[in-house]
Student: 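Before we start, here is the structure in question, set down as structure tokens.
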Amino acid sequence: IVQCDGTGNLTQHNGWLAAHAGLIAEDVCNSTATISFDLVKETKLCGLTGTSLYRFTITDACGNSATDEASFIIVDTLPPMIVGGADMEMEECNNPLSGNYPEFDFWLTNHAGASATDICGGYSWSNNYNPNNWETRCGNTRSVDVTFYVTDICGNVDSITHTFSIGDVTPPTFTNCPSPPVIVDAPAGWCSAFANFAAISATDNCSTVTITQIDKTGYTSGSLFPVGTTILMYEAADACGNKDTCTLKIIVNDFHTPPT
């Protein structure tokens with residue numbers, strides 16, 4: 001029994017025949033004997049494996065003969081070899097989450113970029129992808145582990161596992177900031193004025209957005225702002241920690257109080 005080498009194992013086959021399959025001939029009358037052989041049956045198995053049944057005939061100098069049979073068997077117990085393959089991470093996701101991404105379909109169809117070889121015959125690819133295996137991370141980002149299998153024609157299997165991830169590296173986008181300064185005039189005898197403006201808003205391609213005022217002035221829409229320029233600062237953050245900031249100027253003019 002020999003392991004398939006992909007070329008018919010000719011060297012081992014010929015050496016086995018030359019050694020008469022290891023048969024030992026004994027004759028009580030004459031030490032001289034000849035051994036011949038003939039192929040009885042050849043059976044093809046999976047791939048390049050198979051069994052060759054030979055009949056060996058031993059003949060002594062007086063013409064007496066005896067026969068025995070032996071088989072040369074080629075087997076394949078080695079799995080295919082997977083080469084390469086890689087995890088893949090997309091930097092962006094869509095909102096709302098729906099369907100597969102073309103990049104994922106390509107990655108899955110092409111076995112994560114891996115290739116395979118098998119010296120003893122053909123092989124086929126398969127994988128254990130299940131849409132229910134996606135794991136949600138922040139926002140609508142997600143990832144899935146996929147195990148790819150290569151099975152040769154004799155049933156030997158090799159496998160490799162890779163991860164496809166959909167991330168988010170883009171910060172939210174303010175929809176109404178920066179905007180033109182909010183300009184109001186202080187009433188006569190006042191050193192301040194009330195100022196109103198629309199609530200600051202932002203959108204994100206992958207998750208909800210949290211907007212926080214970070215200027216520490218304590219002023220908001222409807223507050224009484226002092227004469228001069230007040231700068232308000234806002235931060236928009238998505239669920240994955242991406243952030244952007246924006247400033248809004250509130251200008252209060254004083255046309256009534258002469259300088260002193």
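Here the structure is a predicted model, which is why all the values come from computation and not from measurement.
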Student: Nearest 0.5 Å please: distance from the NZ atom of Lys41 over to the CD atom of Glu69.
Tutor: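 Lys41 NZ to Glu69 CD: 9.5 Å, rounded to 0.5 Å.
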Student: Any donor-acceptor pair under 3.5 Å linking the side chain of Thr109 with the backbone of Phe106?
Tutor: no
Student: Verify the neighbour count for atom CD of Glu135: are there more than 12 heavy atoms of other residues, nucleotides or ligands below 6.0 Å?
Tutor: no
Student: Test Trp190 against Leu224 for side-chain contact (heavy atoms from CB on, under 4.5 Å), laying out the working first.
Tutor: CA-CA 11 Å; Trp190 287 46; Leu224 188 63; 3.9 Å; yes
Student: So how far is it from Cys246 SG to Asn176 CG, rounded to the nearest 0.5 Å?
Tutor: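 Answer rounded to 0.5 Å: 8.0 Å.
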Student: Check step by step if salt bridge (Lys or Arg N to Asp or Glu O under 4.0 Å) holds for Arg142 and Glu89.
Tutor: CA-CA 10 Å; Arg142 55 181 179 155; Glu89 181 167 3; over 6 Å; no
Student: Could you see if Leu17 belongs to whatever hydrophobic cluster contains Ile74? Use Ile, Leu, Val, Met, Phe, Trp, Tyr and a side-chain cutoff under 4.5 Å.
Tutor: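 Yes; Ile74 is reachable from Leu17 via cluster members.
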Student: Locate the shortest heavy-atom distance separating Ala21 from Ala70; write the atom from each residue and the value.
Tutor: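 Taking every non-hydrogen atom into account, CB-CB, 3.8 Å.
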Student: Hydrophobic cluster membership, with links at side-chain heavy-atom distances under 4.5 Å among I/L/V/M/F/W/Y: are Tyr54 and Val2 in one?
Tutor: yes
Student: Go through the steps for Leu232 and Tyr219 under the test side-chain contact (heavy atoms from CB on, under 4.5 Å), then give the verdict.
Tutor: CA-CA 8 Å; Leu232 306 181; Tyr219 295 121; 4.1 Å; yes
Student: Answer yes if Ile73 and Leu48 sit in the same cluster of Ile, Leu, Val, Met, Phe, Trp and Tyr residues linked by side chain heavy atoms under 4.5 Å apart, and no otherwise.
Tutor: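 Per the 4.5 Å side-chain linkage, Ile73 and Leu48 are not co-clustered.
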Student: Could you check whether Thr175 and Ser201, counting side-chain N and O atoms only, form a donor-acceptor pair closer than 3.5 Å?
Tutor: yes
Student: Given Ile58, which of Ile35, Asp68, Thr67 fulfils the side chain to side chain contact (heavy atoms under 4.5 Å, CB included) condition?
Tutor: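 That would be Ile35.
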Student: Report whether Leu23 and Phe72 are members of the same hydrophobic cluster (ILVMFWY, side-chain heavy atoms less than 4.5 Å apart, transitive linking).
Tutor: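 Yes; tracing contacts between hydrophobic side chains, which count when under 4.5 Å, links both residues.
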Student: With no hydrogens and no angle check, is any side-chain donor or acceptor of Ser221 less than 3.5 Å from a backbone partner on Phe197?
Tutor: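 Flag set: sc Ser221 to bb Phe197 pair under 3.5 Å.
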Student: State whether the side chain of Asn242 and the backbone N or O of Asp238 hold a donor-acceptor pair below 3.5 Å, judged by distance alone.
Tutor: no
Student: Quick check: does any side chain N or O of Asn9 sit under 3.5 Å from a backbone N or O of His13, one acting as donor and the other as acceptor?
Tutor: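 Not a single qualifying donor-acceptor pair exists.
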Student: I need the Ile250 CD1 to Thr220 OG1 distance, nearest 0.5 Å.
Tutor: 10.0 Å
Student: When you look at CD of Glu91, are more than 12 heavy atoms from neighbouring residues, nucleotides or ligands closer to it than 6.0 Å?
Tutor: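 It does not: Glu91 CD has 12 such atoms or fewer within range.
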Student: Do the side chains of Glu92 and Asp168 get nearer than 4.5 Å, heavy atoms only?
Tutor: yes
Student: Looking at the rings of His111 and Tyr149, which for Trp means the six-membered one, are their centres under 6.0 Å apart?
Tutor: no
Student: Taking all non-hydrogen atoms of both residues, which atom of Ile82 and which atom of Ala114 are closest, and how far apart?
Tutor: CG2-CB, 3.9 Å
Student: Phe174 versus Val209: any side-chain heavy-atom pair under 4.5 Å?
Tutor: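 A side-chain contact is absent here, since even the closest heavy-atom pair is not under 4.5 Å.
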Student: Report yes if the side chains of Thr245 and Thr247 come closer than 4.5 Å at any heavy-atom pair, otherwise no.
Tutor: no
Student: Has Ile1 got more than 12 heavy atoms of other residues, nucleotides or ligands less than 6.0 Å from its CD1?
Tutor: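 12 or below, so no.
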Student: Any side-chain heavy-atom pair from Thr77 and Gln3 closer than 4.5 angstrom?
Tutor: yes
Student: For Asp152 and Asn156, indicate whether the former's side chain and the latter's backbone hold a donor-acceptor pair under 3.5 Å.
Tutor: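 Flag set: sc Asp152 to bb Asn156 pair under 3.5 Å.
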Student: Once rounded to the nearest 0.5 Å, what's the spacing between atom OH of Tyr234 and atom SG of Cys177?
Tutor: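 Reported value, rounded in 0.5 Å steps: 8.0 Å.
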Student: Kindly work out whether a path of hydrophobic side-chain contacts (I/L/V/M/F/W/Y, heavy atoms less than 4.5 Å apart) joins Val227 to Val184.
Tutor: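 Yes; Val184 is reachable from Val227 via cluster members.
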Student: Parallel, tilted or perpendicular: which describes the rings of Tyr123 and Trp125, with under 30° parallel and over 60° perpendicular?
Tutor: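 If you compare the ring of Tyr123 with that of Trp125, the planes turn out perpendicular.
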Student: How long is the straight-line distance from OG1 of Thr161 back to CG of Asn127, given to the nearest 0.5 Å?
Tutor: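 Between atom CG of Asn127 and atom OG1 of Thr161 there are 10.5 Å.
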Student: Please tell me whether Cys120 and Cys154 are bridged, where bridged means their SG atoms are separated by under 2.5 Å.
Tutor: no
Student: Centroid separation under 6.0 Å, is that true for the rings of Phe37 and Trp16?
Tutor: no
Student: Show your reasoning for whether side-chain contact (heavy atoms from CB on, under 4.5 Å) applies to Met81 and Val83.
Tutor: CA-CA 6 Å; Met81 180 179 294; Val83 180; 4.3 Å; yes
Student: Using modelled atom types and a 3.5 Å cut-off, is there a donor and acceptor pairing between side-chain atoms of Asn253 and backbone atoms of Phe255?
Tutor: no
Student: If only atom types and distance count, is the side chain of Thr141 paired as donor or acceptor with the main-chain N or O of Gly167 below 3.5 Å?
Tutor: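 Absent.
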Student: Answer yes or no: is there a side-chain heavy-atom contact under 4.5 Å between Lys243 and Pro172?
Tutor: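 A side-chain contact is absent here, since even the closest heavy-atom pair is not under 4.5 Å.
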Student: Indicate the atoms forming the closest heavy-atom contact of Phe56 with His20, along with that distance.
Tutor: CE2-CA, 3.7 Å
Student: Could you verify whether a donor N or O on one side chain and an acceptor N or O on the other, from Gln213 and Asp215, lie under 3.5 Å apart?
Tutor: yes
Student: I'd like to know if the side chain of Asp60 reaches the main chain of Asn64, judged simply by a donor and an acceptor atom lying under 3.5 Å from each other, with no hydrogens or angles considered.
Tutor: yes
Student: Could you pull out the closest heavy-atom pair between Ala186 and Ala193, with the gap in Å?
Tutor: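 It is CA-CB, 3.9 Å.
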Student: In the structure I gave you, are the side-chain heavy atoms of Asn128 and Phe148 within less than 4.5 Å of one another anywhere?
Tutor: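 Not touching, per the 4.5 Å side-chain cut-off.
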Student: Regarding Ser71 and Thr51, do their side chains bring together a donor and an acceptor under 3.5 Å, going by distance alone?
Tutor: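 No.
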Student: What pair of heavy atoms forms the shortest contact from Asp118 to Gly121, and how long is it?
Tutor: OD2-N, 3.4 Å
Student: With a 6.0 Å cut-off on the ring centroids, do Tyr129 and Phe104 count as close?
Tutor: yes
Student: Measure across Pro79 and Val157 and return the closest heavy-atom pair with its distance rounded to 0.1 Å.
Tutor: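 Minimum heavy-atom contact is CB-O, 3.4 Å.
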Student: Find out whether Cys93 and Ile166 are in side-chain contact, i.e. whether some heavy atom of one side chain is under 4.5 Å from a heavy atom of the other.
Tutor: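 In short, these two side chains touch, coming nearer than 4.5 Å.
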Student: Nearest 0.5 angstrom please: Ile251 CD1 to Thr229 OG1, how far?
Tutor: 4.5 Å
Student: Are any side-chain N or O atoms of Thr212 and backbone N or O atoms of Ile214, one a donor and one an acceptor, separated by less than 3.5 Å?
Tutor: no
Student: List the steps and the verdict of side-chain contact (heavy atoms from CB on, under 4.5 Å) for Leu248 and Ile231.
Tutor: CA-CA 6 Å; Leu248 176 65; Ile231 297 178; over 6 Å; no
Student: Determine whether the interatomic SG-SG distance for Cys206 and Cys240 falls below 2.5 angstrom.
Tutor: no
Student: For residues Arg137 and Ser143, determine if any side-chain heavy atom of one lies less than 4.5 Å from a side-chain heavy atom of the other.
Tutor: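 Yes; the side chains approach each other to less than 4.5 Å.
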Student: Between Thr170 and Asn205, is there a side-chain donor-acceptor contact under 3.5 Å, judged purely by atom types and distance?
Tutor: no
